[in-house]
Amino acid sequence: MDSAELHATVAAWYRENARVLPWREPTASPWAVMVSEFMLQQTPVARVLPVWEAWMARWPTPAALAAEPPGEAVRAWGRLGYPRRALRLHAAATAIRADHGGRVPDDHAALLALPGVGAYTAAAVASFAFGRRHAVLDTNVRRVLARALSGSQYPLNAATAAERALAEQLLPHLEGPANAPAGAPDAPVTAAEWAVASMELGALVCTARSPRCADCPLADACAWTRAGRPAHDGPPRRGQSYAGTDRQARGRLLAVLRDADGPVPQARLDEAWGEPVQRARALDGLVADGLVEPLDDGLYQLPTGVPAANPTP
DNA sequence: GAACCGTGGTT
DNA sequence: TAACCAAGGTT
């Protein structure tokens, strides 16, 4: 199967099977797309949806978010996880207001320069919000390419230069929006549509644990299937421990502050995590990350964005 | 390059 | 049930 055939096959599947998601609507603003990409970093769609809706209702533009303290972003982030993303999204909104006239930039380099925006997010926003042509290499796409083209069950732990080169080479030449016009099943496939379609195939069919190969439009051409779907052979993929880690401690501490109306005394944090050494280390880390602001008298709160007044000597 | 950074659903 | 996994980014 050549790449044109690959694009057409996956796009045809996508036009029939894509989930309806608010940030994919043609009316979705670049900011709406950007917020979704931040939230979707390592967090499943189902958990993002309600938080995204509330976020967009409250902060429909970057300037609206930038006008509020970063702690409000952390609070609204809720239990999506990795709350530093909330802080970075707030910082990105602030940079957009300061440096881009309040509009999400439309080119990859300017996006990449924003806090919390890496190679994936810059390519995704440029593609999905602006119809630009970039390789969007997320975990779904990497898995689809590993199976369909390389014949392995899983991609390597880290994306290689060869992988990125392959993704570039596979990119359709056509620019334009990610969604084909309604009722145009044979519309040409844009780079952005290929990106969202290959991601969606990985998310719905070519899944990590139990791929639904019977429903896959690429099953006949898939190198991994043709090879008999051999089990992963290579270094073990790194696991993620959690219970008892600093991450869990940080999560418990921050949850107390999120759920409180105002500043919280140290004693409330002590209840949230019993082990004092780890608790202190976790709290220090949260403060260092800017997720927590220490006040006088052993009080703590979510960040206000206003540096605490220095006591006069 | 490897470690670190949350949370909850699925297998 | 414990392990795995999720539209990554930063240091």
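Side-chain atoms are counted along with the backbone in the values below, which use heavy atoms only and exclude waters and symmetry mates.
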Which whole-number value in Å describes the distance from A:Arg252 CZ to B:dT7 P?
9 Å
Roughly how far apart are A:His100 NE2 and A:Asp106 CG, rounded to 0.5 Å?
10.0 Å
Please determine if a side-chain N or O atom of A:Arg47 lies less than 4.0 Å away from the OP1 or OP2 oxygen of B:dG9.
no
Given the C1' atoms of C:dA6 and B:dG1, what is the spacing between them in whole Å?
22 Å
At under 4.0 Å between heavy atoms, what does A:Thr245 touch on the DNA or RNA strands: base, sugar-phosphate, or nothing?
nothing
If you measure from OG on A:Ser198 to CG on A:Asp138, what distance do you get to the nearest 0.5 Å?
7.5 Å
Whole-Å distance between C:dG8 C1' and A:Arg247 CZ?
12 Å
Would you please confirm or rule out a distance under 4.0 Å between OP1 or OP2 of C:dA6 and any side-chain N or O of A:Tyr82?
no
For a quick test of reading the model: is some side-chain N or O of A:Arg250 closer than 4.0 Å to OP1 or OP2 of B:dC4?
no
Taking only N and O in the side chain of A:Gln42, is any of them less than 4.0 Å away from OP1 or OP2 of C:dG8?
yes
Spacing of A:Thr121 atom OG1 and A:His108 atom NE2 [to the nearest 0.5 Å]
9.5 Å
Between A:Asp246 and A:Ala159, who's closer to the 5' end of DNA chain B by nearest nucleotide?
A:Ala159
Within this structure, what is the CG-to-C1' distance between A:Leu286 and B:dG6, rounded to whole angstrom?
11 Å
Judged by each residue's nearest nucleotide on DNA chain B, which is more toward the 5′ side, A:Arg209 or A:Gln41?
A:Gln41
A:Phe38 CZ to C:dA6 C1': how many Å, rounded?
18 Å
Salt bridge or not for A:Glu200 and A:Arg24, using N-O below 4.0 Å?
yes
For A:Arg258 and B:dT7, is the shortest distance between a side-chain N/O and OP1 or OP2 below 4.0 Å?
yes
By nearest-heavy-atom nucleotide on DNA chain C, the more 5' of A:Arg24 and A:Val117 is A:Arg24
Give A:Ala46 one of three labels, base, sugar-phosphate or nothing, depending on what nucleic acid heavy atoms sit under 4.0 Å from its own.
nothing
Please evaluate the base of B:dG6 for a donor-acceptor partner in the side chain of A:Thr43 within a cut-off of under 3.5 Å?
yes
So what does A:Leu21 hit on the nucleic acid, given a heavy-atom distance under 4.0 Å: a base, only sugar-phosphate, or nothing?
base
Would you mind reading off the distance between A:Leu114 atom CG and C:dG9 atom P, rounded to a whole angstrom?
12 Å
Which part of the nucleic acid, if any, lies within contact of A:Trp23, taking any heavy atom under 4.0 Å across all strands shown: a base, the sugar-phosphate backbone alone, or nothing?
base
Could you check whether A:Arg79 gets within reach of a base, just the sugar-phosphate, or nothing at all, counting any heavy atom under 4.0 Å?
sugar-phosphate
Using a heavy-atom cut-off of under 4.0 Å over every strand shown, decide if A:Leu254 touches base, sugar-phosphate, or nothing.
nothing
Complementary nucleotide for B:dT7 - Watson-Crick or wobble, under 3.5 Å:
C:dA6
Select base, sugar-phosphate, or nothing to describe what A:Gly118 touches, counting heavy atoms under 4.0 Å on all strands.
sugar-phosphate
Rounded to the nearest angstrom, tell me the gap between atom CZ in A:Arg84 and atom C1' in B:dC4.
7 Å
If we count only N and O atoms by modelled type, under 3.5 Å, do the side chains of A:Trp273 and A:Gln278 hold a donor and an acceptor together?
yes
So which one's nearest nucleotide on DNA chain C is more toward 5', A:Gly116 or A:Val196?
A:Val196
In whole angstrom, give the distance that lies between atom CG of A:Leu87 and atom C1' of C:dG9.
13 Å
Side-chain donor-acceptor contact under 3.5 Å, A:Arg47 with A:Thr43
no
What integer number of Å spans the P atoms of B:dC5 and C:dA7?
22 Å
Please check the phosphate of C:dC5 (OP1 and OP2 only) for any side-chain N or O of A:Thr207 closer than 4.0 Å.
no
Which nucleotide sits closest to the side chain of A:Pro44: C:dG9, B:dT7, C:dA6?
C:dA6
Is the cationic atom of A:Arg268 (NZ for Lys, CZ for Arg) positioned less than 6.0 Å from the six-membered ring centroid of A:Tyr300 and within 45 degrees of its normal?
no
Return the value, rounded to whole Å, for the distance between atom CG of A:Leu253 and atom P of B:dG6.
11 Å
